[in-house]
Amino acid sequence: EQVLATAPAGTRFGLLVTTADGREIVAINPDARFIPASNTKLFTTIAAYALLPGIDAPDAQGGAAVALEAGGDVALYGHGDARLSSAPDCAEDCLATLADAVAARTRKVRDVIGDDRWFPDERWSSGMSWNNQVTESGTGISALSLDDNALELAVQGTAAGQAPQATLPYYRLRNEAVTAEGGVRALAFDRAPNGDELRLVGTIPAGVSWRYRVGIDDPAHYAASRLRALLEARGVKVKGTVRVRHRPAMPLDDPRQRGTQPVPVTPEPAFLARLAPPALSADVMRINKDSQNLHAELLLRRIGRLSGSGSVADGLAALRGVLAQAG
């Protein structure tokens with residue numbers, strides 16, 4: 001209570017800590033009304049358990065897949081999986097597995113395409129502010145997601161008065177930061193929405209290192225670019241470019257947003273390979289324990305795909321139906 005009392009005037013706190021059997025340990029304004037934050041993820045996961053078939057089985061429906069298409073293009077298809085990884089130490093649900101399948105079939109391709117049309121192109125929830133989009137907690141949402149749709153910005157202080165060493169994959173980095181003789185780290189960064197340049201400013205003490213995860217605005221493009229790099233590392237020549245295929249979303253004021261939208265007819269090809277990620281139930285623990293925004297948003301869209309188009313509106317309609325049925 002002494003620590004909370006030092007907060008600025010007007011700040012409101014509510015805190016309730018209990019033992020597993022319900023005995024109160026700490027109670028501060030336990031009955032006050034507050035705007036709910038990430039505990040709304042609980043309702044998304046309740047709806048997932050109520051509606052999604054086979055939630056405890058390997059996620060055969062959600063896995064990413066690759067196909068060789070007419071003209072020599074290779075396309076990477078997303079189906080809402082939140083855990084696809086391109087990490088060097090990846091052991092399951094790995095993009096490298098799909099790259100291996102392509103490399104075993106051909107030694108040259110034209111374009112590398114990221115296809116996330118399984119869900120409509122609604123990359124941010126309606127409450128996501130622009131200044132959060134540059135961070136990991138506000139990263140873009142896509143049926144084709146990779147590496148939690150986040151990149152690591154690494155900064156290392158060098159000699160006083162000099163720019164620190166800074167690295168960032170995928171985006172262009174404009175390093176305007178300065179190494180200080182001492183003091184505390186005071187770094188900040190910004191990137192325009194849908195921009196490809198991140199600007200780093202502020203100071204960092206000599207010898208001090210700092211790492212931060214930043215968000216990605218077009219996850220399908222990032223996933224396709226990582227696939228291209230993995231193909232080239234396997235000796236596959238990529239003659240074309242990286243491009244994406246999105247499904248346009250309806251405007252939020254479109255009357256068809258009310259209720260559910262029909263699933264669009266988007267025939268998918270015969271896949272060269274398709275992943276089967278671990279059970280969705282394993283991801284539910286991370287969603288609620290870590291408050292993982294991207295994974296929760298993808299789970300909502302997976303629910304919305306059951307009887308609709310996979311839109312946010314469809315997911316919310318299904319969720320509200322579960323809550324209504326539960327009373």
Side-chain angles (χ1 to χ4, degrees), residues 38-67 76-101 114-119 125 136-137 139-150 213 219-220 222-223 226-227 263 268 271-312 314-323 325-326:
S38 290
N39 54 4
T40 57
K41 291 181 173 71
L42 293 170
F43 298 103
T44 303
T45 52
I46 286 168
Y49 269 94
L51 298 175
L52 290 175
I55 194 170
D56 292 319
D59 184 19
Q61 184 195 48
V66 287
L76 176 63
Y77 285 78
H79 301 101
D81 175 30
R83 292 165 289 175
L84 182 64
S85 171
S86 69
D89 60 351
C90 179
E92 60 181 0
D93 204 14
C94 305
L95 184 63
T97 303
L98 300 179
D100 288 340
D115 189 310
D116 66 356
R117 292 178 293 174
W118 195 250
F119 300 151
S125 57
E136 180 180 25
S137 62
T139 191
I141 303 150
S142 165
L144 178 53
S145 292
L146 176 69
D147 301 334
D148 288 340
N149 296 346
R213 300 267 288 172
Y222 169 70
R226 289 293 297 129
L227 178 60
V263 177
E268 291 188 316
F271 293 127
L272 189 61
R274 182 167 184 166
L275 298 174
L280 278 172
S281 56
D283 199 35
V284 166
M285 180 168 61
R286 185 180 179 200
I287 287 172
N288 289 310
K289 190 172 181 63
D290 296 349
S291 191
Q292 223 293 346
N293 290 347
L294 169 66
H295 291 221
E297 292 281 357
L298 289 172
L299 192 61
L300 180 71
R301 288 155 174 77
R302 291 283 293 271
I303 296 167
R305 178 80 193 191
L306 289 173
S307 60
S309 70
S311 69
V312 173
D314 289 338
L316 291 176
L319 185 153
R320 290 169 183 144
V322 169
L323 296 183
Q325 186 178 9

- Query: If every non-hydrogen atom of G140 is compared with every non-hydrogen atom of L294, which pair is closest and at what distance?
  - Reply: O-CD1, 3.8 Å
- Report yes or no: do N293 and S137 form a side-chain donor-acceptor pair below 3.5 Å? no
- Item | pair D147-S85: side-chain heavy atoms closer than 4.5 Å | yes
- Query: Do T97 and D100 get their side chains close enough for a donor-acceptor pair, meaning under 3.5 Å?
  - Reply: no
- Pairs meeting criterion side-chain hydrogen bond (donor to acceptor under 3.5 Å, both in side chains) with involvement of residues 42-56, two or more places apart: T45-N288, D56-S281
- Which pair of heavy atoms, one from A64 and one from L76, lies closest together, and at what distance? CB-CD1, 4.4 Å
- Message: Taking side chain to side chain contact (heavy atoms under 4.5 Å, CB included) as the definition, give me every residue that meets it alongside A220, ordered by chain and number, with sequence neighbours left out.
- Response: D116, S142, L144, D218, V244, H246
- For R301, all residues meeting side chain to side chain donor-acceptor pair (under 3.5 Å), sequence neighbours excluded: E297
- Query: When rounded to the nearest 0.5 angstrom, what distance separates CZ in F43 from CG in L300?
  - Reply: 13.5 Å
- Query: What distance do L298 atom CG and S145 atom OG have between them, rounded to the nearest 0.5 Å?
  - Reply: 4.5 Å
- Shortest non-hydrogen pair, I287 vs A296, comes out as CG2-CB, 3.8 Å
- Query: Quick one: side chain to side chain contact (heavy atoms under 4.5 Å, CB included) partners of Q61, sequence neighbours excluded?
  - Reply: D59, W118, R302
- Task: Not counting sequence neighbours, which residues clear side chain to side chain donor-acceptor pair (under 3.5 Å) with D148? List them please.
- Result: R286, H295
- Query: For I55 and A279, which heavy atoms make the closest approach, and how far apart are they?
  - Reply: O-CB, 3.5 Å
- Message: Looking at N149 and L146, would you say the former's side chain and the latter's main chain have a donor-acceptor pair under 3.5 Å?
- Response: yes
- Rounded to the nearest 0.5 Å, how far apart are CG of L227 and OG of S86? 10.0 Å
- Would you find a donor on one side and an acceptor on the other, under 3.5 Å apart, between the side chain of D115 and the backbone of R117? yes
- Query: With sequence neighbours left out, what residues match F271 under ring-ring contact (aromatic ring centres under 6.0 Å, His included)?
  - Reply: Y77, H79
- Residues at least two apart in sequence or cross-chain that pass side chain to side chain contact (heavy atoms under 4.5 Å, CB included) with P278, listed by chain then number, are R83, E92, D93
- Item | Non-neighbouring partners of L51 that pass side chain to side chain contact (heavy atoms under 4.5 Å, CB included), sequence neighbours left out | I303, L306, A318, V322
- Of all heavy-atom pairs linking R274 and G63, the shortest is NE-O, 3.4 Å
- Message: D81: which residues meet the side chain to side chain donor-acceptor pair (under 3.5 Å) condition with it, sequence neighbours left out?
- Response: none
- Note on the structure: S291 meets the side chain to side chain donor-acceptor pair (under 3.5 Å) criterion, sequence neighbours left out, with S38, K41
